[in-house]
There are 2 protein chains.
Amino acid sequence: MSHMNTIRPTTLEAIIEAAFACLNADPTTTLAEIAQSAGVGRATLHRHFKGRADLVQALADRALAETAQAAERAAAATSYTQALRRIMRAMIELGDRHWFLAQETTARSDRSAEEHARQRGEFLDLMLSAAKEGAFDQALPQAWVEQVYDHLIHAAWEMVRGKEATVNQAAELAWTTFVGGLRQTSR
Amino acid sequence: MSHMNTIRPTTLEAIIEAAFACLNADPTTTLAEIAQSAGVGRATLHRHFKGRADLVQALADRALAETAQAAERAAAATSYTQALRRIMRAMIELGDRHWFLAQETTARSDRSAEEHARQRGEFLDLMLSAAKEGAFDQALPQAWVEQVYDHLIHAAWEMVRGKEATVNQAAELAWTTFVGGLRQTSR
DNA sequence: ATCATATGAGACATATATGTCTCATATGAA
DNA sequence: TTCATATGAGACATATATGTCTCATATGAT
């Protein structure tokens with residue numbers, strides 16, 4: 001604290017945002033390319049992250065923390081179904097984080113994997129509760145409901161990325177498709 | 001023709017299948033790892049493919065050809081809607097090819113990209129025709145319908161991969177979810 | 001059996017990404 | 001201004017993936 005010449009917050013942020021964007025677009029992206037995309041020297045990237053593995057771990061940690069926080073906030077709702085809907089919207093907004101976590105399965109720390117599993121577990125409980133509320137057909141395989149939920153988030157995020165919809169529109173489309181597609185009467 | 005000691009078809013096939021599996025699981029997979037996974041020497045892989053780029057191009061070409069052929073076969077149906085359904089099922093069966101084409105956007109030959117675009121165009125026409133038949137709500141953004149269609153294919157494929165459903169079951173789930181989610185009354 | 005070709009193993013060279021260091025400069029606090 | 005720290009540029013070393021070659025062996029056709 002006090003007088004220290006702190007790291008410019010923009011530098012670290014720029015690296016992290018560029019890394020999310022680059023690695024989501026192409027997981028083989030070079031550290032040099034990420035640095036360049038962040039408008040930062042290659043050495044600077046190495047000062048902040050020991051190496052590729054370290055960077056990826058940091059991204060995973062951040063994505064996990066951000067999605068967890070957003071989900072927690074969104075979970076405050078009048079019903080489990082509404083919570084599910086609000087979380088879906090929140091995940092679409094954090095689409096790059098969500099997608100990164102879904103893709104980057106390689107070599108994550110135990111703690112990180114545990115946290116991910118814990119979050120996932122909480123979410124599944126919520127889904128179960130929403131199912132009991134009648135949000136979707138309880139006879140459907142749980143795995144299918146999860147798959148559809150996650151993939152619709154990604155689909156919606158890509159709509160937003162491609163400027164084909166606003167976040168609100170995409171979230172609305174995704175939710176409507178989710179409940180309509182998994183409705184009990186639709187079987 | 002004639003007396004030549006032909007390449008063992010199994011060698012090439014093994015390499016290609018291993019490459020699809022490995023690269024889908026982790027795009028950064030090494031050529032050495034692919035060769036090993038195929039149960040083949042590293043040198044042998046290089047005899048068949050000049051390098052990584054060449055291999056990826058070959059995979060893309062094959063995936064394109066296989067999906068095109070399967071789609072053409074499936075398109076023979078009693079209605080555009082049925083064709084759409086049969087194509088969806090076919091794509092789930094070719095899930096690894098379909099996914100590979102969706103992911104591997106980097107550096108494909110012009111011819112390959114053109115062919116992909118052409119296929120895509122034909123498919124969009126079909127979707128439009130199915131929409132006119134009432135397969136789904138015509139008021140929905142075309143891009144959203146495409147996104148949902150493609151993502152449900154991937155979701156279904158992952159169900160099959162994870163042994164959580166047979167191809168038939170997964171295809172049924174995907175189609176039901178598709179038409180239910182995009183139904184006109186569901187808006 | 002004989003021969004042509006495919007293959008595997010490994011040596012070797014090269015290319016590319018990664019990691020480390022130095023030094024000049026920029027920046028913000030005191 | 002003065003000072004401590006962050007940064008950029010680039011040199012340099014290392015690690016890893018890739019590409020090429022040789023040779024012994026396996027395989028299938030004749």
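Worth knowing before you read on, the calculation uses all heavy atoms, side chains too, and leaves out hydrogens, waters and symmetry mates. Residue numbers begin at 1 in each chain, while the letters A, B, ... track the order of the sequences.
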**Request:** Please determine if A:R62 and A:E13 form a salt bridge, counting it only when a charged side-chain N lies under 4.0 Å from a carboxylate O.
**Result:** yes

**Asked** Hey, does the side chain of A:T11 come within less than 4.0 Å of D:dT7's phosphate (OP1/OP2), counting only N and O?
**Response** yes

**Message:** Could you tell me how far apart B:Q36 (CD) and D:dT16 (P) are, to the nearest whole angstrom?
**Reply:** 16 Å

**Message:** Any side-chain N or O of B:H48 below 4.0 angstrom from OP1/OP2 of C:dT7?
**Reply:** yes

**Message:** If a pair means Watson-Crick or G-U wobble with both distances below 3.5 Å, what does DNA chain C look like in dot-bracket form, with | marking bases paired to a different strand?
**Reply:** ||||||||||||||||||||||||||||||

**Asked** Is any NZ, NE, NH1 or NH2 atom of the basic residue among B:R161 and B:D96 found under 4.0 Å from an Asp or Glu carboxylate oxygen of the other?
**Response** no

**Request:** Taking the side chain as every heavy atom from C-beta outward, state whether A:P141 and B:M159 have any pair of such atoms under 4.5 Å apart.
**Result:** yes

**Asked** A:F49 has an atom CZ; how far is it from atom C1' of D:dT7, in whole Å?
**Response** 15 Å

**Lys/Arg N to Asp/Glu carboxylate O, B:E93 vs B:R86, below 4.0 Å** = no

**Asked** Expressed in angstrom and rounded to an integer, what is the separation of B:R47 atom CZ from D:dT22 atom C1'?
**Response** 10 Å

**Message:** Check for me whether the distance between the ring centres of B:H151 and A:H154 falls short of 6.0 Å.
**Reply:** yes

**Item:** Pair B:R118 + B:D125: basic N to acidic O under 4.0 Å
**Value:** no

**Message:** Testing the basics here: between B:A18 and B:I34, what is the closest heavy-atom pair and its distance to 0.1 Å?
**Reply:** CB-O, 3.9 Å

**Prompt:** Any chance CZ of A:F49 has more than 12 other-residue heavy atoms, nucleotides or ligands included, within less than 6.0 Å?
**Reply:** yes

Look for any protein N or O under 3.5 Å of an N or O in nucleotides 17-19 of chain C and output each such pair with its distance, or none.
unit_1	atom_1	unit_2	atom_2	d
C:dT18	OP1	A:R52	NH1	2.9
C:dT18	OP2	A:L31	N	3.0
C:dG19	OP2	A:H46	NE2	3.4
C:dG19	N7	A:R42	NH1	3.4
C:dG19	O6	A:R42	NH2	2.6

**Prompt:** How long is the line joining CG of B:L45 and P of D:dT20, in whole Å?
**Reply:** 13 Å

